[in-house]
Structure formats: C-alpha cells, structure tokens
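In the text below, chain A, chain B and the rest are named by the order of the sequence lines, each starting its count at 1. These figures come from a predicted structure and were not determined experimentally.
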2 protein chains.
Amino acid sequence: MNSVFRALADGTRRQMLHDLADGERTVSQLAEPFAISLAAASKHIKVLEHAGLLRREVRGRTHFCRLDPGPLASAYEWLGFYERFWTSRLDVLERLLRKEDESRPQPSKQGDDQ
Amino acid sequence: MNSVFRALADGTRRQMLHDLADGERTVSQLAEPFAISLAAASKHIKVLEHAGLLRREVRGRTHFCRLDPGPLASAYEWLGFYERFWTSRLDVLERLLRKEDESRPQPSKQGDDQ
DNA sequence: TCTATATTCAACCACATGGATGAATTAGAG
DNA sequence: CTCTAATTCATCCATGTGGTTGAATATAGA
C-alpha cells in the first residue's frame with residue numbers, strides 16, 4: 001500500500017497511468033509529454049512498476065508497458081472504508097452549506113440557515 | 001492531490017486516519033500507539049493537516065483533531081476513473097485465472113488457455 | 001560489421017522525509 | 001507564582017526522491 005500511494009503522489013506518474021489507460025505504451029512514448037530526460041522517465045516507470053501498477057514486456061530493444069489495475073483497486077477499496085464520512089447526511093449537509101458560503105461572498109446576513 | 005497521496009503513503013499516518021474515523025483525538029492520543037516521539041507524531045499530523053485530511057481545534061493547551069474526508073473523496077473519485085479496468089470482464093477473468101493458478105502450484109501442463 | 005535506436009546504469013546534486021533530542025511555548029492545577 | 005502537562009520549534013542525522021549527465025547495453029537495420 002505504501003508504494004502504491006507513494007507512486008500516485010506524483011503528477012508525472014499519474015499522467016503516465018492516465019496515458020496507459022488508453023493502451024500499451026513504450027518507455028519513450030510515456031516520456032514524450034514531459035520535459036525530462038529519458039533516464040528520469042525510466043525511473044518514474046520503475047516506481048510505477050515496483051508499486052505493481054505497471055507491467056513491462058520487453059520485445060526486442062523496446063519495452064512495452066501496460067497498466068495493472070490491481071493495486072488501484074486495493075487503494076480504492078482502502079479509501080472506500082471512509083466513504084461513509086463523505087456520504088453521511090451530516091457531511092453532505094456541511095459541504096452544501098460550505099458551497100452556499102462560497103457562492104455568496106457578501107457576508108451581509110449570514111445565519112439564515114443552520 | 002499530490003499532498004493527499006503523499007500523506008497516505010505512510011502506515012503511521014494511515015492508522016492515524018483510521019483512529020480518527022472513530023472520532024476526535026488529541027495529538028497525544030494519536031501518537032500513543034506508536035513507538036515514536038511526540039515531535040515525530042506532531043510532524044505526521046501536520047502532514048495530514050497540510051493535505052487537508054485533518055482539522056485541528058485548539059482548546060486550551062490541547063489540540064483536538066478530527067478527520068476531514070474531503071480529500072479522501074477526491075482521491076476516491078480520481079481512482080474511480082480506473083474502476084473499469086478492474087471490473088471489466090477481461091480483467092475479472094484474468095484475476096480469476098491467476099487465483100486458480102495460485103491455488104494450483106503444480107505447473108504440469110501450462111498453456112491450455114491463451 | 002558499423003551505426004543508429006531504445007533503454008538502463010552509475011554518479012552526482014539539491015532537497016524532502018522520518019526520526020531523535022533538547023529547549024521553548026502555552027495553559028491548567030495547586 | 002510555580003509546577004506540570006500538551007504541544008511545537010529548532011537542530012541534527014540518515015535516507016529517499018526527482019532530476020541531471022555521460023557511459024553502457026542491447027537490438028534493429030544498412
């Protein structure tokens with residue numbers, strides 16, 4: 001779990017995952033959108049691989065990567081434990097009120113509700 | 001999002017969140033289960049706070065912490081994008097086969113499928 | 001075989017992280 | 001006011017991270 005969340009804690013790697021969601025990609029293809037060296041991208045890919053989020057298949061001199069959703073499912077499951085906290089009536093009410101607050105930046109007469 | 005996943009990438013902090021799921025906790029209470037200094041626990045709590053996962057209310061000399069589920073909901077939502085990958089028929093089949101494989105450690109005749 | 005391509009490896013650097021420890025801050029309790 | 005409790009601050013340390021660069025490895029192609 002540690003390595004999974006750690007891997008997700010970086011925008012570069014999250015976008016790589018997003019790219020992999022469209023299908024198989026080579027290391028160069030994954031690196032292409034970023035202004036970093038291939039070696040740096042290679043390290044990111046290794047982090048994803050170590051977290052089990054990415055599987056690599058070497059065909060010739062090219063490394064083809066594909067998404068492995070297993071750890072994402074585990075993370076999703078872990079977070080699911082807390083689902084009740086953001087779907088509870090109290091929390092929904094609280095967020096509604098906060099949203100109300102944001103869309104009404106004139107604190108002329110706060111306290112109509114609640 | 002970075003800071004949220006970063007905060008979740010540590011077992012100590014994940015357990016703190018789990019403790020907070022049972023209700024309000026003080027800094028000392030959150031630190032108690034761990035064999036680390038209060039200062040170290042305080043740092044963990046600050047990481048959670050910075051990620052927006054924890055709200056702090058100072059009453060007297062005691063800091064009371066409670067869970068803020070908002071960022072967890074965001075993370076959950078982010079992961080939800082990939083849900084189709086672990087609920088697709090192909091993936092379910094693949095995981096079933098892998099589970100079959102694990103429960104049958106005699107590789108006498110691999111290659112029946114595929 | 002020679003060369004270009006795809007990728008990793010090995011150092012190196014700046015900075016973040018998780019921990020310890022001891023002093024500082026703040027506030028109840030007597 | 002003084003003592004103690006709750007917490008942070010400041011400093012230090014070892015290790016990890018994200019990045020660079022240049023060399024190494026391995027394969028495809030002429």
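In this structure, the CD atom of E32(A) is 16 Å from the C1' atom of dT5(C), given to the nearest Å. Per the geometry, NE2 belonging to H50(A) stands 13 Å off P belonging to dG18(D), to the nearest Å. In this structure, the CG atom of L38(A) is 10 Å from the P atom of dT20(D), given to the nearest Å. In this structure, H44(B) atom NE2 and dA16(C) atom P are separated by 18 Å, rounded to whole Å. dG19(D) atom P lies 9 Å from atom NZ of K43(A), rounded to whole Å. Remark: C1' of dA6(D) and CG of L30(B) are 13 Å apart, rounded to the nearest angstrom. Across the protein-nucleic acid pair, N2(B) atom CG and dC15(C) atom C1' stand 16 Å apart, rounded to whole Å. If you measure from atom CD1 of I36(A) to atom C1' of dA14(C), you get 17 Å, rounded to the nearest angstrom.
Of the side-chain N and O atoms in R13(B), one or more sit less than 4.0 angstrom from OP1 or OP2 of dG18(C). Between H63(B) and dA6(D), a side-chain N or O to OP1/OP2 separation shorter than 4.0 Å is absent. For dC9(D), the OP1/OP2 oxygens have a side-chain nitrogen or oxygen of K46(B) closer than 4.0 Å. For the OP1/OP2 pair of dA6(D) and a distance below 4.0 Å, the side-chain nitrogens and oxygens of T62(B) include no atom meeting the criterion.
Position along DNA chain D of the nearest nucleotide to T12(A) versus V27(B) favours V27(B) as the more 5'-ward residue. The residue among S37(A) and R59(A) whose nearest nucleotide of DNA chain D lies closer to the 5′ end is S37(A).
Using a 4.5 Å heavy-atom threshold, the side chains of V47(A) and K43(A) count as separate. Using a 4.5 Å heavy-atom threshold, the side chains of N2(A) and R14(B) count as touching. At least one side-chain heavy atom of I45(B) sits less than 4.5 Å from a side-chain heavy atom of R56(B). Taking 4.5 Å as the limit, some side-chain heavy atom of P33(B) sits within range of a side-chain heavy atom of D19(B).
Within the nucleic acid shown, A40(A) comes within 4.0 Å of at least one base atom, counting heavy atoms only. Among the heavy atoms of the strands lying under 4.0 Å from A35(A) are primed sugar atoms or P, OP1, OP2 only; no base atom is included.
Side-chain to base pairing of R61(B) with dA5(D): one donor and one acceptor N or O lie within less than 3.5 Å of each other.
Ring planes of H18(B) and F81(A): parallel class, angle under 30° (limits at 30 and 60°).
Taking only side-chain atoms of D10(A), from C-beta outward, the nucleotide of dA10(D), dG22(D), dG18(D) with the closest atom is dG18(D).
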